[in-house]
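Worth knowing before you read on, the calculation uses all heavy atoms, side chains too, and leaves out hydrogens, waters and symmetry mates. Lettering follows sequence order; numbering is per chain, from 1.
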Amino acid sequence: MIDLSVHLAGLKLANPTMTCSGTCGYAFEYGDFMDLSQLGAFVTKSVTREERPGNPPARIVETRGGMLNAIGLANVGLKRFLDEKVPQLEKMPCPIVVNVAGHSYDDYVETVAAMNPIACVGSVELNVSCPNVKDGLTFGTNPGRLKELVHEVKKVLPAKPLMVKLSPNVDDVAVTARAAIEGGADVLTLVNTFTAMSIDIHRRRPRLANVTGGLSGPAIKPIAIHMVSRVYRQVAKAAGVPIVGMGGVQTWQDAAEFILAGASAVAIGTALFVDPAAPNKICEGLGEWVSKQGAEKLSDLVGTVQMPGD
Amino acid sequence: MNQRRGQFTGVVCANIPLCREHFKLVMEVRGFPPTKAGQFVQLLCRSTRDLDYVERELEWPSPQRPEVENVDLIAPTALLRRPFSLAGATTDGETATIEVIHRVVGVGTDWLVQLRTGDEVGILGPLGNTFSHPVENQIAILVGGGVGIPPMLYLASELVGKKVIAFCGATTRDLLSLTVTADARTPGIDSIEPLYNIQEFAAHGIPAVISTDDGSYGFRGFVTQSLQEYLDRFRIRGEMAVIYTCGPEVMMKRVADLARARQIPCQVAVERAMACGMGTCQSCCIRVKKPDASAVPLPGQDWCYRLACTDGPVFAGEELLW
Ligand SMILES: Cc1cc2nc3c(=O)[nH]c(=O)nc-3n(C[C@H](O)[C@H](O)[C@H](O)COP(=O)(O)OP(=O)(O)OC[C@H]3O[C@@H](n4cnc5c(N)ncnc54)[C@H](O)[C@@H]3O)c2cc1C
Ligand SMILES: Cc1cc2nc3c(=O)[nH]c(=O)nc-3n(C[C@H](O)[C@H](O)[C@H](O)COP(=O)(O)O)c2cc1C
Ligand code: FES
């Protein structure tokens with residue numbers, strides 16, 4: 001029997017497959033299409049303090065091997081999340097991670113604090129790829145600001161591990177990773193989407209109403225692998241902070257690559273739109289891969305890529 | 001009979017050209033649940049083998065190199081699924097036969113065209129809500145334009161024996177995806193007389209008015225013009241009729257306006273770019289009036305977004321702000 005279980009700073013997953021925030025709704029949306037009980041963990045759509053309608057359409061466009069999205073954090077807001085979604089989440093057959101976004105320190109702190117007492121919430125993931133309303137600067141791209149945010153948030157979440165989802169739109173992701181850990185992050189998740197743009201050459205207009213959007217899907221996988229590998233080797237391994245790798249995972253082969261690069265678990269996003277059962281298949285494939293590698297536990301393979309000079 | 005939606009593999013029974021760029025794809029799907037007009041499916045417009053990626057697994061060293069089709073690296077293929085309205089469906093025991101009519105506009109539909117009898121297609125569905133049927137004695141007016149015609153065909157099949165009339169439009173005769181019966185009277189260029197000249201509707205006892213923008217067949221002008229003339233000539237107002245429509249957005253807006261001006265209830269099947277098709281990605285939003293408890297208005301606005309995939313695709317014409 002292969003042991004696929006994962007420990008993410010106190011959050012125990014039966015296997016390393018998670019969903020990506022924003023690609024799987026709030027709870028049972030995929031219930032008819034995948035076996036939710038076989039998920040390592042479920043990650044909700046980003047929740048903000050206030051309900052948000054999101055950006056005008058067109059909000060998505062497909063590009064080669066990927067897609068751009070500019071959803072604009074459309075979500076039900078904290079109050080309705082607590083009233084309508086938490087009762088659903090309580091019935092979910094797998095561990096729950098609530099993704100929280102905000103536009104000020106207070107936004108984050110208030111929303112995260114509300115999650116602390118909820119029993120079914122196993123962990124909170126901070127989406128720090130949002131601009132601060134005060135100055136328009138993104139929380140997740142400035143190490144000082146990120147450290148402070150994580151520090152503030154950590155104080156109101158004493159009961160649960162805190163995941164920080166790193167933005168890839170930075171010079172060196174190891175620097176923001178270090179800042180997040182110094183702030184008190186228990187788990188790092190990476191990567192969020194890459195800022196990108198697509199143009200309709202006939203009408204000479206951006207294809208997204210928002211002009212820019214976040215690139216996700218198989219197109220970003222090699223960059224995400226590099227970032228996971230870099231964060232693992234430069235910071236996370238030494239600090240003992242586990243990584244959840246994401247960005248273009250479609251198959252167990254993709255997941256295995258992330259594990260070798262240093263991820264303890266993987267999250268599947270865009271691929272869910274194509275095949276909602278992908279996490280279940282990936283889980284199965286990983287089991288076989290671990291045994292073919294001659295290992296007993298998946299966790300023994302984390303970060304074991306052989307680099308030149310190792 | 002399975003009642004749950006899910007992921008299915010369809011086997012192609014036929015993929016028939018209907019007119020320029022339009023094809024009717026008929027698939028047998030084991031275990032596919034019952035469906036209704038208005039619903040749609042998400043088709044994987046590439047090989048279902050892509051989802052398992054067995055072909056990518058190269059086992060070295062192995063005596064024989066497995067066959068590799070490096071589809072993803074060479075050809076641009078449709079990554080996401082593509083939504084298509086159901087144009088019809090029947091069930092026989094455990095097996096459903098479903099139809100979609102697709103127009104070739106890009107990589108995904110171009111892949112669908114290559115399908116031959118016996119080929120497999122990945123299907124996710126059925127998705128979305130349905131049209132509500134007319135009440136007793138209400139005239140059902142079906143208005144379809146271009147690739148909005150397929151859901152009207154499905155609806156027509158559900159309304160056999162009711163008072164129904166169809167208005168269909170295309171830019172030109174070549175692009176009219178309907179079968180004109182050989183022995184039928186040719187409609188005049190300014191005539192809005194409903195005729196039993198379109199096989200798909202006549203088969204259900206439903207007369208049709210066809211318009212083409214260039215007058216190459218039937219009424220010369222937009223389908224909304226023939227509809228307007230008809231509504232005015234027969235003084236159709238209020239609850240005596242119900243209008244169902246699907247097609248290009250400009251057309252649907254105009255149809256909804258015509259209906260609203262006459263207090264005729266109108267059900268509009270909208271189209272939006274979709275990724276998931278089941279309410280997870282929030283990509284398919286459309287503006288509607290009158291925010292209720294389940295949706296937030298923008299600050300200072302009296303509208304909110306709804307999802308075309310789960311709240312729709314069928315919306316009441318009067319609530320849509322597009
Ligand atoms: C609920 C719903 C039902 C639909 N039913 C049908 C149907 O019955 N028959 C049919 O032929 N088509 C239907 N469509 C449209 C169909 O989904 C698109 O034509 C298809 O996605 C195009 O895929 P592609 O890869 O061939 O084109 P792409 O390469 O993706 O795009 C080619 C061109 O088509 C445009 N396009 C792409 N997606 C859409 C869309 N969703 N709506 C309008 N234009 C689009 C693009 O802007 C581009 O100009 C429906 C769409 C929705 C949302
Ligand atoms: C439609 C869509 C919506 C998303 N919404 C969110 C979100 O609300 N919060 C968040 O942290 N990430 C969001 N993401 C980013 C994903 O969680 C993930 O980090 C990214 O898509 C990379 O993974 P993938 O390539 O497997 O999709 C969204 C992605 C997509 C495609
Ligand atoms: S298509 Fe994803 S929410 Fe409608």
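Of the atoms belonging to Ala58(A), not a single heavy atom falls under 4.5 Å from chain B. Interface remark: Ala277(A) contributes backbone and side-chain atoms alike to the contact with chain B (heavy atom separation under 4.5 Å).
In terms of non-hydrogen atom pairs under 4.5 Å with chain A, the most contact-rich of Arg272(B), Met278(B), Arg287(B) is Met278(B). Chain B forms more heavy-atom pairs under 4.5 Å with one residue of Asn69(A), Val61(A), Ile282(A), Asn55(A) than with any other, namely Asn55(A).
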Considering only distance and modelled atom types, tabulate donor-acceptor pairs under 3.5 Å from the side chains of residues 27-40 of chain B, sequence neighbours left out.
| from | atom 1 | to | atom 2 | distance (Å) |
| --- | --- | --- | --- | --- |
| Thr35(B) | OG1 | Tyr154(B) | OH | 2.7 |
| Gln39(B) | OE1 | Lys36(B) | N | 2.8 |
| Gln39(B) | NE2 | Gly128(B) | O | 3.3 |

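Residue Ile60(A) holds its CD1 atom at 10.0 Å from SG of Cys285(B), rounded to the nearest 0.5 Å. If you take CG on Leu272(A) and SG on Cys276(B), they are separated by 10.0 Å, rounding to the nearest 0.5 Å. Atoms CG and CZ, from Asp275(A) and Arg81(B) in turn, are 6.5 Å apart once rounded to the nearest 0.5 Å.
Contact between Tyr305(B) and Pro56(A) at its shortest, heavy atoms only, is OH-CA, 3.0 Å. Summarising the geometry of Glu62(A) relative to Leu80(B), their closest heavy-atom pair is OE1-N, 3.2 Å, with the distance given to 0.1 Å. Taking every heavy atom of both residues into account, Ala275(B) and Met67(A) meet most closely at CB-CE, 4.1 Å. Nearest heavy atom pair, residue Gly31(A) against residue Arg4(B), reads O-NH2, 3.3 Å. Residue Val274(A) comes nearest to Leu44(B) through the heavy atom pair CG1-CD1, 3.5 Å, listed as atom of the first residue, atom of the second, then distance. Annotation for Phe33(A) and Gly125(B): closest pair CE2-N, 4.2 Å, computed over non-hydrogen atoms.
In the displayed structure, Gln114(B) atom CD is contacted under 6.0 Å by more than 12 heavy atoms of other residues, nucleotides or ligands. Heavy-atom contacts from other residues, nucleotides or ligands closer than 6.0 Å to CD of Gln7(B) number more than 12.
In this structure, the side chains of Val107(B) and Arg64(A) stay at 4.5 Å or more apart for every pair of heavy atoms. Between Trp303(B) and Pro53(A), the closest side-chain pair of non-hydrogen atoms is not below 4.5 Å. In this structure, the side chains of Pro276(A) and Thr280(B) stay at 4.5 Å or more apart for every pair of heavy atoms.
For residues 91-100 of chain A, an interface with chain B (any heavy-atom pair closer than 4.5 Å) does not exist.
Judged purely by atom type and a 3.5 angstrom limit, Arg5(B) has no side-chain atom pairing as donor or acceptor with the backbone of Asp32(A).
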